[in-house]
Amino acid sequence: MTATPPGSPPVPPRPRPAPGTDPGTGPATEPRPAPPVLDVVVPVHNEEVDLEPCVRRLHAHLASFPFACRITVADNASTDATAQVAAALAAEIPGVRSVRMEQKGRGRALKHVWSTSDAAVLAYMDVDLSTDLAALLPLVAGLVSGHSDVAIGSRLARSSNVVRGAKREIISRCYNLLLHGTLRVRFSDAQCGFKAIRADVARTVLPLVEDTGWFFDTELLVLAERSGLRIQEIPVDWVDDPDSRVDIVATALADLRGIRRLATAIATGKLPLREVRESLGRGPQPAAVAGVSTSLAGQLGRFVGVGLASTGAYALLYLLLQEVTSAQAANFLALLLTAVGNTALNRRLTFGVRGPEGAGRHQVQGLLVFLLGWALTSGSLVVLHSAAPGATRGAELAVLTAANLAATVLRFLLLRSWVFRDRRHHRPGHQEDRSCAQSPGTRSDDAQSPGAARAVVPVHGARDTTP
């Protein structure tokens, strides 16, 4: 420090830097906040009444999470005051934002928000909060730790507690049975509005999803499973919303069209699933038996061949047995004999199961399927005899053959989704631990995105459906 000469005016003190500035560098740049680990999207359409209590309850629940979270309200073309409510909540509550979509569609809203989010883990839930929020942390824990790629809430798990009417229960179970029979999926509940996905795998799979409505969930899960991603199922407590405005008939028809489109795309190789698997480091699709296709088209073709042979054998046996016994008895015996042969042929030729292991169980299950077919064909005889008491043997044979073809369709769905379903990935101890062994090209770095500090949270009752 230099002394001031006598008689000189005092040197004024050096001014301190103003707040927010750095001497020598000018105004300081405001540090950007770190992106959240979890982004929970709430897609809404005309939900001005339920939106605010949902967001406030969800925000209070997320405050206890051990990592940063954000709530995104995705308004898809609401015509009421939903957009204004969402904007007010975003202005008032930290960690809440709103996004407005000018076109309707839950799938469109989710795809847009998930594709542009900077969070490491992406989730969504319905605005009615039918699913208990206690399952949210277990839902995302495996994704944050890097153990799983996709997580879904399952209302059909054994430990789930579900309250809903018989109509929706039957529709839900029939839909999932249809998915198992046609697309041979392994996850149990496609439509529960409670799902999460890691952002890095979402960026790879989302561009392949075409549906913009309610089938979005199913299509995403099927593509994820076919791409070799690990899907974890979390049992949930779920209470049906009696005020739901979902058009069940229109949604069911749209789902059927989506299943047909997706099955065709997979069968024809339109979807680049092999390239997606390789980009994610998952390797080729495993085959149960060398030379036996596991695709729906291949299995359906072989099943049709076995079915035609079985139908011809059934008709011949029925005509022979009808000479010595009643029509009902001849129908039962002909079905029983052809069912045993049909199960054996489909076991080996259609589904590629070799060796004696499980053969007895397969035959027992096949006979249970046969009983359903027998009930269907016997019922057709009852209807025929009630409508035309003097029906000829030719008329009986025609009605029974048509009923048997319908029973064959049911048989294929049950054989594919139940009897010969691949159970290797559901055996205890078979789950791969990626924390110990990662395939080349997997994301050891991606899982450690900002804020994702490998949080390990116990998950009870979870089930993996790794393809």
Side-chain angles (χ1 to χ4, degrees), residues 170 173-174 177-178 180-182 184 288-289 292-293 296-421 423:
I170 293 173
R173 291 189 178 274
C174 288
L177 177 62
L178 182 63
H180 285 285
T182 55
R184 211 177 189 188
V289 177
V292 177
S293 172
L296 173 63
Q299 290 180 346
L300 185 59
R302 291 188 296 275
F303 179 83
V304 168
V306 173
L308 289 175
S310 299
T311 302
Y314 162 80
L316 179 60
L317 286 170
Y318 175 79
L319 289 176
L320 293 175
L321 292 169
Q322 219 266 346
E323 295 291 336
V324 296
T325 185
S326 66
Q328 289 284 11
N331 173 54
F332 180 84
L333 291 174
L335 274 176
L336 177 61
L337 293 174
T338 53
V340 174
N342 185 283
T343 299
L345 288 175
N346 278 311
R347 183 177 188 269
R348 180 176 180 84
L349 300 180
T350 304
F351 300 101
V353 180
R354 302 288 195 268
E357 182 181 358
R361 174 174 54 82
H362 291 155
Q363 281 294 347
V364 171
Q365 291 175 311
L367 288 176
L368 293 176
V369 176
F370 148 73
L371 290 176
L372 291 177
W374 174 66
L376 180 60
T377 53
S378 296
S380 69
L381 272 182
V382 172
V383 173
L384 174 64
H385 290 157
S386 298
T392 64
R393 291 182 181 178
E396 290 177 350
L397 180 61
V399 170
L400 286 172
T401 300
N404 195 46
L405 288 174
T408 299
V409 175
L410 176 63
R411 181 179 181 80
F412 174 75
L413 293 176
L414 291 176
L415 289 180
R416 179 177 168 89
S417 62
W418 179 46
V419 180
F420 299 117
R421 183 182 178 188
R423 292 173 170 79

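Note that the numbering runs from 1 along the sequence shown for the chain.
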Apply side chain to side chain donor-acceptor pair (under 3.5 Å) to Thr343 and list each qualifying residue two or more places apart in sequence or on a separate chain. Arg411
So if I apply the side chain to side chain contact (heavy atoms under 4.5 Å, CB included) rule between Asn342 and each of Val340, Thr338, Asn346, which one comes out positive? Asn346
Are the side chains of Leu177 and Leu413 in contact, using a 4.5 Å heavy-atom criterion? no
If you take all heavy atoms of Val382 and Gln328, which pair is closest and at what distance? CG2-NE2, 4.1 Å
Can you sort out the partners of Gln322 under side chain to side chain donor-acceptor pair (under 3.5 Å), two or more places apart, ordered by chain and number? Arg393
So which atom in Ala327 and which in Glu396 form the shortest heavy-atom distance, rounded to 0.1 Å? CB-OE1, 4.0 Å
Here the pair of heavy atoms bringing Ser378 nearest to Asn331 is OG-ND2, 3.5 Å
With distance as the sole test, does Thr401 use its side chain to make a donor-acceptor pair with the main-chain N or O of Leu397 at under 3.5 Å? yes
To the nearest 0.5 Å, how far apart are CZ in Phe303 and CG in Leu345? 11.0 Å
Leu415 and Thr350: CA distance, side-chain angles, deciding distance, side-chain contact (heavy atoms from CB on, under 4.5 Å) verdict: CA-CA 10 Å; Leu415 289 180; Thr350 304; over 6 Å; no
CG of Leu336 to CG of Leu371: how many Å apart, nearest 0.5 Å? 9.0 Å
Looking at every heavy atom in both Thr377 and Leu400, which two are closest together, and how far apart are they? O-CD2, 3.5 Å
Tell me the closest heavy-atom pair linking Ala334 and Tyr314, and the distance in Å. CB-CD1, 3.6 Å
Straight-line distance of His180 NE2 to Trp418 CH2, nearest 0.5 Å: 14.0 Å
Does the side-chain contact (heavy atoms from CB on, under 4.5 Å) test come out yes or no for Val419 and Leu368, once each step is laid out? CA-CA 10 Å; Val419 180; Leu368 293 176; over 6 Å; no
Identify the two heavy atoms, one from Ala403 and one from Leu376, that lie closest to each other, and give their separation to 0.1 Å. O-CD2, 3.7 Å
